[in-house]
*Asks:* 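Structure in structure tokens, see below.
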Amino acid sequence: MSRSVVIGSGAREHALAWALSRSGDVIVTPGNPGIAAHGFTCVDAPATELDADLFVVGPEEPLVGGLADRLRAQGKVVVGPGSDGAQLEGSKAYMKEFLAAAGVPSAHYGAFRDEALAIAFLETMQAPYVIKTDGLAAGKGVLVTDDFDEARRDVEDKLRGVVFAGAGSTVVIEEGLKGEECSLTVLCDGTKAVALAAAQDFKRVGDADEGPNTGGMGAYAPMLRVDAVLEDELMGMIIAPTLRELTTRGIDFRGVLYAGIMLTPDGPKLLEYNVRFGDPETEVLAPLYGSALFDLLYGVGAGALTTTPSTSDFAVTVVLASHGYPASARHGDLIHGLGTDGQLAQHREGVTVFHAGTRRDADGRFVTAGGRVLAVTGVGSSMALARNRAYDAAALVTFEGRVMRRDIALAVI
Ligand code: AMP
Ligand code: GLY
């Protein structure tokens, strides 16, 4: 029996715990009340004080802060890069410089601290304008707009620290890329890399991609457009040069390279790297790989990836967010339709409910406690079946002001 520790507190960590539990015990730190209700031990202790065969770091902040380095210094097997590799996500300016050095195709860009230089560069660009903060901004530091004046104001606000104080002292201005987006989750053991099924994330809050960007309102996998030929191309054009550049820089990257890729008419281009599992992508990937995940992740951490991931199923996840999301998030709304284990009160085949932002009230009932509240995942032998399962189940889980997209995976069934 193995024991795994998962670090984090959202639906991504719930999904990882659920899959790793197929192979043994799982502890989540700190976890959340929905993860605990589902039978996983949640402890509020630093990971460095826990003992396990495998440590999986969920979010990016602790990786940027060197948690994986501290755990490795204790001799532990860890999924997640050290603070050196985590810079790929921690600084967009670093990432862009890295991609240029590696020869990975990505958007033309400039990085600026000086406002006048930034505006002068912006004036040379064409719509859509893409403005990013340099540092970690929880996925919300990106503006994509066709309106030049809005773009200019955003550059000013970011450089003057009006928004994202600290994170915004450098702005990155990028060429706007057009096409379909794809999330490629690549497991990397320091020298070898294997891809999990390509997933699509729905970032805008509203149907048909209307409204502001969010942390992600749903996802599905596999993305059929990414067939074996295209996957080989992505691995050859994007991942292989990245691994070579990591080696050149002396970075032993043992973790998840999550490539956000735009499939443009001129070929695939990398939008960004994240150095951890995606959220909500993990809520579809973890159920697809299930009991294989422990061996895969242990191989990543141990520098000895030997298994090749495969799946023949389909998965769709629908995020239920709270009233006002993403601008604000109302807490305390009573959630109907969940049992005491935090899963559907009325059992449904092929469905799991992953908790992102819930807590229990004085009577033990689940209430909303975050922007993204739950991710409801359906798995099946076809995309249509997975999608029907996810939406049938989501309809059973209700709360005041619930925000949910109706078109996750609609275009691919
Ligand atoms: P990021 O935080 O870099 O993932 O950006 C968030 C979202 O903004 C991406 O998923 C894209 O939808 C969009 N985006 C980022 N960079 C670009 C770009 N250069 N061109 C078009 N859209 C972009
Ligand atoms: N799905 C977007 C992210 O995890 O950053």
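All ligand and atom numbering here is 1-based and tracks the order in the structure.
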*Asks:* Within the 4.0 Å heavy-atom shell around G176, which atoms of ligand 1 are there?
*Replies:*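 Reading through ligand 1 atom by atom, the close ones are 20 (N).
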*Asks:* Could you name the option among V142, T133, I131, L271 that has the heavy atom nearest to atom 23 (C) of ligand 1?
*Replies:*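 Going through V142, T133, I131, L271 one by one, L271 has the nearest heavy atom to atom 23 (C) of ligand 1.
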*Asks:* Atom CZ of residue position R406 - does it have more than 12 heavy atoms of other residues, nucleotides or ligands inside 6.0 Å?
*Replies:*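 Counting neighbours around CZ of R406, 12 or fewer heavy atoms of other residues, nucleotides or ligands fall under 6.0 Å, so no.
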*Asks:* Which atoms from ligand 2 have a heavy atom of G278 less than 4.0 Å away?
*Replies:* 4 (O)
*Asks:* If the threshold is 4.0 Å, N to carboxylate O, is there a salt bridge linking D149 and R153?
*Replies:*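 So D149 does not pair with R153 through a salt bridge.
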*Asks:* List ligand 2 atoms under 4.0 Å from D201, heavy atoms only on the residue side.
*Replies:*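 Reading through ligand 2 atom by atom, the close ones are 1 (N), 2 (C).
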*Asks:* Answer yes or no: does an N/O atom from D279 fall short of 3.5 Å to an N/O atom of ligand 2?
*Replies:* yes
*Asks:* Check each atom of ligand 2 against the heavy atoms of N274 and keep those under 4.0 Å away; list them by number with element.
*Replies:*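 That gives atoms 5 (O) of ligand 2.
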*Asks:* Does atom CD (E400) have a neighbourhood of more than 12 heavy atoms from anything else shown, all under 6.0 Å?
*Replies:*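 Check fails, neighbour count at 12 or below.
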*Asks:* What distance do L196 atom CG and Y289 atom OH have between them, rounded to the nearest 0.5 Å?
*Replies:*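 So the CG of L196 and the OH of Y289 are separated by 5.0 Å.
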*Asks:* Tell me the contacting part of Y258 for ligand 2: side chain, backbone, both, or neither, using a 4.0 Å heavy-atom threshold, strictly below.
*Replies:* side chain
*Asks:* Considering distance alone, does some N or O of L177 sit under 3.5 Å from an N or O of ligand 1?
*Replies:* yes
*Asks:* If you count the non-hydrogen atoms of other residues, nucleotides and ligands that lie under 6.0 Å from CD in E97, is the total more than 12?
*Replies:* yes
*Asks:* Among T264, V172, V144, whose heavy atom sits nearest atom 13 (C) of ligand 1?
*Replies:*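 Going through T264, V172, V144 one by one, V144 has the nearest heavy atom to atom 13 (C) of ligand 1.
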*Asks:* So, taking the atom named CG in N388 and the one named OG in S382, what distance separates them when rounded to the nearest 0.5 Å?
*Replies:* 8.0 Å
*Asks:* Checking contacts here: is it the side chain or the backbone of K132 that comes within 4.0 Å of ligand 1, counting heavy atoms only? Could be both or neither.
*Replies:*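 It is the side chain that touches ligand 1; the backbone stays farther off.
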*Asks:* Salt-bridged, K92 to E174, with N to O below 4.0 Å?
*Replies:* no
*Asks:* Name the option, out of R276, E283, E60, that contains the heavy atom nearest to atom 5 (O) of ligand 2.
*Replies:* R276
*Asks:* So is K92 in contact with ligand 1, going by heavy-atom distances below 4.0 Å?
*Replies:* yes
*Asks:* Counting only heavy atoms from other residues, nucleotides and ligands, does the tally under 6.0 Å from CZ of R3 exceed 12?
*Replies:*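 Not buried by this count: 12 neighbours or fewer within 6.0 Å.
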*Asks:* In this structure, which one of E60, E272, E89, E281 forms a side chain to side chain donor-acceptor pair (under 3.5 Å) with Y258?
*Replies:*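 Filter result, single survivor: E281.
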*Asks:* May I ask you to list the atoms of ligand 1 that are less than 4.0 angstrom from any heavy atom of E272?
*Replies:*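 Answer, ordered by atom number: 1 (P), 2 (O), 3 (O), 4 (O).
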*Asks:* Could you tell me which atoms of ligand 1, counted from 1 in the order shown, lie closer than 4.0 angstrom to a heavy atom of E175?
*Replies:*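 With E175 as reference, the close atoms of ligand 1 come out as 18 (C), 19 (N), 20 (N).
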*Asks:* For Y129 and F148, run ring pair (Phe, Tyr, Trp, His ring centres under 6.0 Å): C-alpha distance rounded to whole Å, both residues' side-chain angles, the deciding distance at 0.1 Å, then the answer.
*Replies:* CA-CA 7 Å; Y129 307 99; F148 178 82; 5.6 Å; yes
*Asks:* For E281, counting its heavy atoms only, list the atoms of ligand 2 lying under 4.0 Å from any of them.
*Replies:* 1 (N)
